[in-house]
Amino acid sequence: MLQSVFDVNTIRKDFPILERKVNGKSLIYFDNAATSQTPKQVIEVIVDYYSNYNANIHRGVHALSQEATDAYERARTKIQKHFNAKHAYEIIFTSGTTHGINLIANGFSSLLKKGDEIIVSALEHHSNIVPWQMLCERTGAILKVIPMSEEGELVLSEYDALLSTNTKLVFVNHISNALGTINPIQYIIDKAHGLGAAVLVDGAQSCPHIRPDVQDLDVDFYVCSAHKICGPTGVGMLYGKEEWLKKLPPYQGGGEMIAEVSFEKTTYADLPHKFEAGTPNVCGGIAFGAAIDYMNAIGFDAIANYENELLVYATKQLEQIENLKIYGTAKNKTSVISFNVGSIHPYDIGTILDKMGIAVRTGHHCAQPIMDFYKIPGTIRASFMFYNTKEEIDTFIASLKKAIMMLS
Ligand SMILES: *Cc1c(COP(=O)(O)O)cnc(C)c1O
């Protein structure tokens with residue numbers, strides 16, 4: 001088989017935004033964990049949709065509606081194949097990870113009773129904490145938390161101790177957005193299944209870097225957002241095992257999700273439409289499929305190898321800087337580096353870097369419990385994708401040193 005040759009300079013030509021200047025400097029975009037950039041192959045699909053076959057789907061007999069429906073359903077099948085789901089109808093289009101999590105949390109309202117237990121991890125994004133707190137308030141279920149270590153890894157012996165026959169659900173992210181830790185989800189899934197609990201994995205940070213196989217993992221639910229894997233905002237997917245999706249009630253009522261409606265009784269549509277009320281983000285779904293094609297054409301092994309090189313390269317240089325502390329030093333991590341320098345406020349460094357054209361994120365990264373653990377208000381987070389370069393990292397390090405001089 002021909003190995004695809006990974007050439008970052010060729011890849012960068014696919015991303016028009018990387019050409020632009022910010023504050024007079026060439027943009028260096030290191031905020032990929034918040035949202036990734038969009039290649040022209042995906043932008044062209046969006047332009048083509050609105051230029052040529054924009055229509056509402058599933059209901060029309062006319063040509064445009066047929067074309068849009070076919071393209072949307074082809075995208076669903078692409079996503080199914082990518083994640084190796086057994087059936088295309090196990091892929092539900094959502095508006096993103098947050099929507100997918102809320103859909104499941106809402107569905108479990110009718111399945112949980114007082115005293116049931118839900119386990120989440122200390123490494124979660126707010127979107128993976130708040131919906132469960134709301135679910136517990138509605139049902140009387142109890143929320144338990146798998147603690148983390150100083151390195152930013154989950155303490156699995158504590159997880160084992162939390163599990164019991166009362167555990168009904170376990171929620172964990174595959175990769176932490178704040179620290180980059182890759183969590184041992186196979187272990188977490190197997191243990192939970194041993195006690196009959198279901199597992200939802202938040203794949204928002206993993207899908208840009210690795211290709212999960214939902215059947216191999218035997219995961220019950222898996223969610224992600226297209227905008228973190230080179231697709232547009234406002235669309236994502238929820239994978240659910242057929243048996244679970246059949247058991248859960250619909251999330252929203254409306255058009256598309258019904259079989260028959262009368263004022264006495266409404267029967268729901270089959271999967272996946274039962275969970276897709278209203279006109280979906282048709283263009284977004286099609287572009288999501290194009291983003292997956294784009295990433296697969298480069299290849300996830302090549303992506304992971306190259307991003308790991310960037311991670312190692314940047315980490316080594318950051319470690320040389322006096323008073324700089326990296327948070328999250330897990331053995332297994334992706335290309336996310338969270339750090340602080342002495343007592344300098346992360347926001348001040350972020351502001352100066354922006355003046356130099358460098359986009360990083362500062363703050364709590366929607367993961368305040370992690371910041372509380374380290375007793376810090378926030379961090380500076382640099383997160384890399386396969387279109388970033390070592391030269392950009394060199395510029396970033398030099399600019400960071402300048403910023404530190406200015407602020408000390
Ligand atoms: C970005 C992110 C989310 C939220 O994704 P949305 O697209 O904002 O819904 C949830 N979890 C993790 C780990 C994330 O990185």
Side-chain angles (χ1 to χ4, degrees), residues 3-43 175 177 179-180 182 205-211 227-231 291 293-321 324 326 328 333-339 341 349-362 365 379-404:
Q3 283 281 300
S4 75
V5 183
F6 186 90
D7 175 14
V8 70
N9 291 317
T10 309
I11 285 170
R12 285 176 70 82
K13 295 202 180 86
D14 292 336
F15 292 83
I17 208 167
L18 297 178
E19 301 280 306
R20 72 160 281 185
K21 298 259 191 279
V22 170
N23 293 319
K25 302 277 178 4
S26 293
L27 167 68
I28 294 182
Y29 187 78
F30 285 172
D31 193 19
N32 293 289
T35 201
S36 58
Q37 295 303 345
T38 318
K40 62 175 191 276
Q41 288 84 342
V42 173
I43 298 171
I175 295 181
N177 70 305
L179 305 180
I182 304 176
Q205 285 304 325
S206 48
C207 294
H209 309 293
I210 53 185
R211 182 176 178 170
H227 72 95
K228 290 192 178 162
I229 55 171
C230 298
D293 283 345
Y294 179 80
M295 304 277 288
N296 278 319
I298 297 172
F300 277 83
D301 286 343
I303 288 174
N305 281 337
Y306 178 71
E307 288 174 344
N308 192 55
E309 266 179 45
L310 294 180
L311 173 68
V312 171
Y313 186 77
T315 303
K316 267 200 190 122
Q317 295 199 58
L318 286 169
E319 280 170 351
Q320 310 291 314
I321 297 177
L324 187 145
I326 294 177
K333 66 178 277 190
T334 44
S335 46
V336 170
I337 309 179
S338 251
F339 64 93
V341 187
I349 291 185
T351 307
I352 295 179
L353 289 176
D354 177 58
K355 295 265 186 301
M356 302 175 180
I358 301 171
V360 292
R361 186 138 293 235
T362 62
H365 318 298
T379 67
I380 302 152
R381 181 186 70 187
S383 50
F384 314 122
M385 285 276 274
F386 57 89
Y387 44 72
N388 291 125
T389 65
K390 289 184 181 166
E391 292 73 42
E392 287 181 316
I393 291 171
D394 292 340
T395 308
F396 161 65
I397 297 286
S399 309
L400 176 64
K401 285 180 180 161
K402 268 189 226 159
I404 295 167

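When reading the values below, keep in mind they use all heavy atoms of this one structure, side chains included, and skip hydrogens, waters and symmetry mates.
- Listed by chain and number, the residues in a side chain to side chain contact (heavy atoms under 4.5 Å, CB included) with Ala398 amount to none (sequence neighbours excluded).
- Ser36 places a side-chain N or O within 3.5 Å of a backbone atom of His227 that can act as its donor or acceptor partner.
- Taken from CD1 in Ile358 to OG1 in Thr395, the straight-line distance is 6.5 Å, to the nearest 0.5 Å.
- Of all heavy-atom pairs spanning Lys21 and Ser26, the tightest one is NZ-OG, 3.5 Å.
- Residues Ile393 and Leu310 meet the side-chain proximity criterion, which asks for heavy atoms closer than 4.5 Å.
- Contact check for Ser335 versus His209: side-chain heavy atoms found under the 4.5 Å cut-off.
- Across all their heavy atoms, Met295 and Ile303 have their closest contact at O-CD1, 3.9 Å.
- Phe386 and Cys230 get closest at one heavy-atom pair: CZ-SG, 3.9 Å.
- To the nearest 0.5 angstrom, Thr334 atom OG1 is 4.0 Å from Ile175 atom CD1.
- Proximity of a side-chain donor or acceptor of Lys390 to a complementary backbone N or O of Tyr313 within less than 3.5 Å is not detected.
- Atom-to-atom distance recorded for Ile397:CD1 and Lys316:NZ is 13.0 Å, nearest 0.5 angstrom.
- Across Leu179, Asn308, Leu311, a single residue satisfies side-chain contact (heavy atoms from CB on, under 4.5 Å) together with Lys333, and that is Leu311.
- Note: Ile321 CD1 to Leu400 CG = 4.5 Å, rounded to the nearest 0.5 Å.
- Side-chain atoms of Ile17 and Tyr29, non-hydrogen and from C-beta on, never get closer than 4.5 Å to each other.
- Between Thr389 and Tyr306, some side-chain heavy-atom pair lies under the 4.5 Å cut-off.
- Using a distance-only test at 3.5 Å, with no hydrogens or angles considered, no donor-acceptor pair links the side chain of Thr379 to the main chain of Ser338.
- Listed for the Asn177 side chain is no donor-acceptor partner under 3.5 Å among the backbone atoms of Ala34.
- Counting all heavy atoms, side chain and backbone alike, Ser399 lies closest to Met356 at CB-SD, 3.2 Å.
- Here the side chain of Tyr294 pairs no donor or acceptor atom with the backbone of Gly231 at under 3.5 angstrom.
- Separating the CG atom in Asn388 from the OG atom in Ser383 is a distance of 8.0 Å, to the nearest 0.5 Å.
- Residues forming a side chain to side chain contact (heavy atoms under 4.5 Å, CB included) with Thr38 (at least two apart in sequence, or on another chain): Val42, Ile43.
- Looking only at side-chain heavy atoms (C-beta outward), Glu392 and Phe30 come within less than 4.5 Å of each other.
- In this pair, Phe396 and Phe339 present their aromatic rings perpendicular. The plane angle is above 60°, beyond the 30 to 60° band.
- At least one side-chain heavy atom of Thr351 sits less than 4.5 Å from a side-chain heavy atom of Lys355.
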Residues Ile337, Ile326; criterion side chain to side chain contact (heavy atoms under 4.5 Å, CB included); working and verdict: CA-CA 7 Å; Ile337 309 179; Ile326 294 177; 4.0 Å; yes
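- Looking only at distances, a side-chain donor or acceptor of Arg12 sits under 3.5 Å from a matching main-chain atom of Tyr387.
- Not a single donor-acceptor pair under 3.5 Å links the side chain of Asn305 to the backbone N or O of Ala302.
- Counting only N and O atoms by type, the side chains of Asp394 and Gln317 include a donor and acceptor under 3.5 Å apart.
- Annotation: the span from Ile11 atom CD1 to Ile298 atom CD1 amounts to 4.0 Å, rounded to 0.5 Å.
- Inter-residue side-chain proximity for Gln37 and Met385 is flagged as unmet; no heavy-atom pair is nearer than 4.5 Å.
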